[in-house]
Protein chains: 2
Amino acid sequence: MSAASKVKVPRKRNVPDVDTSRRQQLLRASARLFREKGYDGTSVRDIAQATGMQSGSWVYHFATKHDMLEAVMQEGLVDALARIEAIAALGLPPRQQFDQLVRTHLDTLLGAGQDFIPVVLYEWRSLEPAARRRVSVLLKRYEAVWEQALAQLRAAGDWSGTTRIDALLLFGALNWVARWYDPRGTLDVQGLADECIRFFLRTPPASDRRSKSSGRAQRAAR
Amino acid sequence: MSAASKVKVPRKRNVPDVDTSRRQQLLRASARLFREKGYDGTSVRDIAQATGMQSGSWVYHFATKHDMLEAVMQEGLVDALARIEAIAALGLPPRQQFDQLVRTHLDTLLGAGQDFIPVVLYEWRSLEPAARRRVSVLLKRYEAVWEQALAQLRAAGDWSGTTRIDALLLFGALNWVARWYDPRGTLDVQGLADECIRFFLRTPPASDRRSKSSGRAQRAAR
DNA sequence: TTTATTCAAGCAAGCGCTTGCTTTACGATC
DNA sequence: GATCGTAAAGCAAGCGCTTGCTTGAATAAA
């Protein structure tokens, strides 16, 4: 290997924003690996290598591998929560609010470099009970935003069911998308969001930003 | 533990139905453990212990641990497929057929001792590519039954969307149930099926067997 | 005797994490 | 302004344990 292997990264001390460089790199790498191979299928050596470290150097930033998992989930949820609570704060009409929530949720799930929320969804079992309780707090807030949005839809006559179960079924349909959606297919995320909204509400999306793909583009490979 | 730990199981040779005792025990134990702890989180020693074997004795029945995973999935899918293809063969009216499919799917997912299909759904990543291709054949047949049922619903005017994507969203809502449904809650599986059907079709179930819990019982804990 | 099945022991590799030491940056001191 | 102490950050090695799987002998039924 040539020059690139010995590039010196300047080290800093007392950095103002505490999560600049190395810790954040570890989080991104582990989020990606946890998503791709699962928590148990990822070794700390994998994570270290993806970050360009020796196999034991990560302990300076996290006490245990489990702590890395919890940090990935916390980080992902804090970010996702900020996005949807910002939408809820806009006070949009129920239909438009619902549209925005669906689009944002799908982007959080499928967007480029968005590995954190899939880890929350699909590695939940690997969380230790104490960490599970802590992360649950954020998750409940996330669900609460949706339940309130559904309640508003219902008040406007656009929804019929019991809020709690409907929210869970709706989450299922949306979250499962991470299993089958192929970003290389002809259906982009906006088009997929259109399909989801139509599936949930039985009417075309209320939002003004329709997908540019006019036809009924559909393709999903496994 | 008392007498039960040393009971001698008589051994047979050339048993007519090839999967009577030990191999089947291994499959059931590994299905349960794979579901509870994941493929990577389950060791062959866990499986052996749950079956009452020494840690290396399972190799007589399966070549590798991966083969056990594939066998669990094959077994689960062959069984589930038989159930829903039997329903499709009845030639019921579309609404009633859909009802039966939903109820059967949920029972396959949530019924007592039904660990095989959750493993198919949530341990897919741990399948090696060759095995994945083999299991996919059954999975596609399973999905085809649903897509045909949706097409019939659509022809009868009870469904509006594109069959493929709708089937995937529908699978998501149903399969996610395995994550949150609590069998100890006040909502039994039949009641849950009612809720799902209402969610999908926006009308009460067509089937004659309504849940006995008349009220809108709902509860789901994690 | 033959064949099916299991046991008891263990091997090589990989696991999470620890240890002891070195390098680097920065503030205080002379 | 050169020197030094301190602490952040990382390297190289490896420890104790677990992993999937193998081996060779033992047991039981046909």
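Remember, it's a predicted structure, so these values are computed and weren't measured experimentally. Residue numbers begin at 1 in each chain, while the letters A, B, ... track the order of the sequences.
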To the nearest angstrom, the CH2-P distance between A:Trp58 and C:dT18 comes to 8 Å
If only side-chain N and O atoms of B:His61 are considered, is one of them under 4.0 Å from the OP1 or OP2 phosphate oxygen of C:dT6? yes
Whole-Å distance, A:Leu26 CG to C:dG16 C1', equals 15 Å
Hey, are B:Arg198 and B:Glu195 close enough for a salt bridge, meaning a charged N less than 4.0 Å from a carboxylate O? yes
Ring centroid separation B:Trp176 to A:Tyr122 under 6.0 Å: yes
Sorted by chain and number, sequence neighbours left out, side chain to side chain donor-acceptor pair (under 3.5 Å) with B:Asp107 holds for B:Arg83
Next item on the list: Examine A:Trp124 together with A:Phe34 and report whether their ring centres are nearer than 6.0 Å.
Entry: no
Expected list for residues 40-55 of chain B near DNA chain D, using heavy atoms below 4.0 Å, is B:Thr42, B:Ser43, B:Val44, B:Arg45, B:Ser55
Checklist entry - Under 4.0 Å between a side-chain N or O of B:Tyr60 and OP1 or OP2 of C:dT5? => result yes
Under 3.5 Å side-chain donor-acceptor pair for B:Thr163 and B:Asp166 | no
Charged N to carboxylate O below 4.0 Å: is that the case for A:Arg125 and B:Glu123?
yes
In whole angstroms, the gap separating C1' of C:dT6 from CZ of B:Arg23 amounts to 17 Å
A:Phe62 atom CZ is separated from C:dT18 atom P, nearest whole Å, by 15 Å
Self-check item: Below 4.0 Å: OP1/OP2 of C:dC7 and any side-chain N or O of B:Ser57
Solution: yes
### Message
Is there a side-chain contact between B:Arg22 and the phosphate of C:dT5, meaning an N or O under 4.0 Å from OP1 or OP2?
### Response
no
